[in-house]
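From a predicted model like this one, the values you see are computed outputs, not experimental measurements. In each ligand, atom 1 is the first atom listed, and ligand 1 is the first ligand listed.
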Amino acid sequence: MLAERAYAKVNLTLDVNFKRPDGYHDIDMVMQTIDLSDLIWLEEISGGGIKIESNVSYLPLDKRNLAYAATEVFRQETGITTGVRIRIDKQIPVAAGLGGGSADAAAVLRGLNKLWKTGLSTDNLAEMGASVGSDVPFLVYEGCGVATGRGEQVRLVRHPTKAWIVLVRPTVFVSTAAIYGACESFQTRLEPSSKAMVEALKQGDLDRTAGLISNDLTPVAERLYPEIAEMRERLEGVTRSTVYMSGSGPTLFCLAPNETVAHRYYNAINGFAKEVYLSRFI
Ligand code: ATP
């Protein structure tokens, strides 16, 4: 039995540039993994099947689970037909804009490469991940990266910036497809938001990093789901700090320079928000 951690991501920038002829949006975003994670257990079984189990009842356990899809792609690409049981211990909130399903798929690809000693490079695994989902390649690498195209083209960024992060998942169900579908106007920029963000991160400048966080999907999501805007305003009131949305939401977050400040935010929020998480960049 082998265990692999699947770390969640937050978006530090997310530019939506235009709608492509294939229906996807061309995006440019900085993603950062945080230490909120699922634990994925992998074990060979006889019979050649793919069996997914989880500690939570609301995940699909068939082909619709991204861990299943990743296993199928891995077996197709390597020609391996051995069966596998995958247990997903879920901690990352689901459908939250934190890439939970994609992180599980990425961890499955890394884990199967170890379990079956296939010796594939991380680049190979990331390439496989692109056919499972746009965020999977970045989550195969982890850390920090600029993702472009549909999000599947990844340039890794090494930086020294350390941050604590307090996350709140508002109790509203959002549809990623509806949010992208409602994206009608696109900003013209001289350069992508990721450029200045990467510079700030490389300088280890947390204040500048926080000041540069942006997400083109925030106004769209807040228009479709006013609960997100209400929660963001309440959070900004109690923390007296700017609060941002990750991905297509609804998870909101703010950064803190140290554990003491992070705990202060956490305690202030914990009174009225149900799902609050304290985490760190990793
Ligand atoms: P995205 O921004 O890519 O939509 P997300 O972080 O908002 O991702 P996920 O937690 O990945 O959302 O879940 C999105 C959907 O994917 C859910 O409806 C869920 O049922 C499905 N799903 C499939 N496999 C998984 C998995 N292993 N973990 C979580 N959700 C999964």
Inset, instruction - Tell me, yes or no, whether the heavy-atom count around F186 atom CZ, taken from other residues, nucleotides or ligands under 6.0 Å, exceeds 12. - result: yes
Inset, instruction - Would you verify whether the NZ or CZ of R87 falls within 45 degrees of the ring axis of W41 while also being under 6.0 Å from that six-membered ring's centre? - result: no
Legend entry - Option set G249, G247, S248, criterion heavy-atom distance to atom 2 (O) of ligand 1, minimum: S248
Legend entry - Residues E230, R234: salt bridge by 4.0 Å N-O rule: no
Legend entry - Presence of salt bridge, R232 and E227, under 4.0 angstrom: no
What protein heavy atom is closest to [atom], reported as residue, atom name and distance in Å?
atom: atom 3 (O) of ligand 1; result: D135 OD2, 4.1 Å
atom: atom 5 (P) of ligand 1; result: G97 N, 3.6 Å
atom: atom 9 (P) of ligand 1; result: A95 N, 3.5 Å
atom: atom 11 (O) of ligand 1; result: G101 N, 2.8 Å
atom: atom 4 (O) of ligand 1; result: T176 OG1, 3.1 Å
atom: atom 19 (C) of ligand 1; result: V94 CG1, 4.0 Å

Below 3.5 Å, N or O to N or O, backbone or side chain included: is there any such pair between [X] and ligand 1?
X: L66; value: yes
X: A67; value: no
X: P60; value: no
X: I88; value: no
X: Y58; value: no
X: G99; value: yes
X: A96; value: yes

Check: [Y] main-chain N/O paired with [X] side-chain donor or acceptor under 3.5 Å:
X: R150; Y: H25; value: no
X: D28; Y: T148; value: no
X: D15; Y: S193; value: yes
X: N267; Y: H263; value: yes
X: Q76; Y: T71; value: no

Would you mind running through ligand 1 and noting each atom that sits below 4.0 Å from a heavy atom of [X]?
X: D104; answer: 26 (C), 27 (N), 28 (N)
X: K90; answer: 28 (N), 29 (C)
X: L98; answer: 6 (O)

Legend entry - Mutual orientation of the aromatic rings belonging to F253 and Y244 [parallel < 30°, tilted 30-60°, perpendicular > 60°]: tilted
Inset, instruction - Taking atom types as modelled, find out whether R5 and S37 have a side-chain donor-acceptor pair closer than 3.5 angstrom. - result: yes
Inset, instruction - State whether any protein heavy atom lies less than 4.0 Å from atom 21 (C) of ligand 1. - result: no
Legend entry - atom 28 (N) of ligand 1: any protein heavy atom closer than 4.0 Å: yes
Give the contacting part of [X] toward ligand 1: side chain, backbone, both or neither, where contact means a heavy-atom distance below 4.0 Å.
X: N65; result: both
X: L59; result: side chain
X: R64; result: backbone

Legend entry - Atom pair CZ (R85) and NZ (K51), whose distance is rounded to the nearest 0.5 Å: 6.5 Å
Inset, instruction - Quick one: do V30 and C144 satisfy side-chain contact (heavy atoms from CB on, under 4.5 Å)? Show the steps, please. - result: CA-CA 7 Å; V30 175; C144 181; 3.9 Å; yes
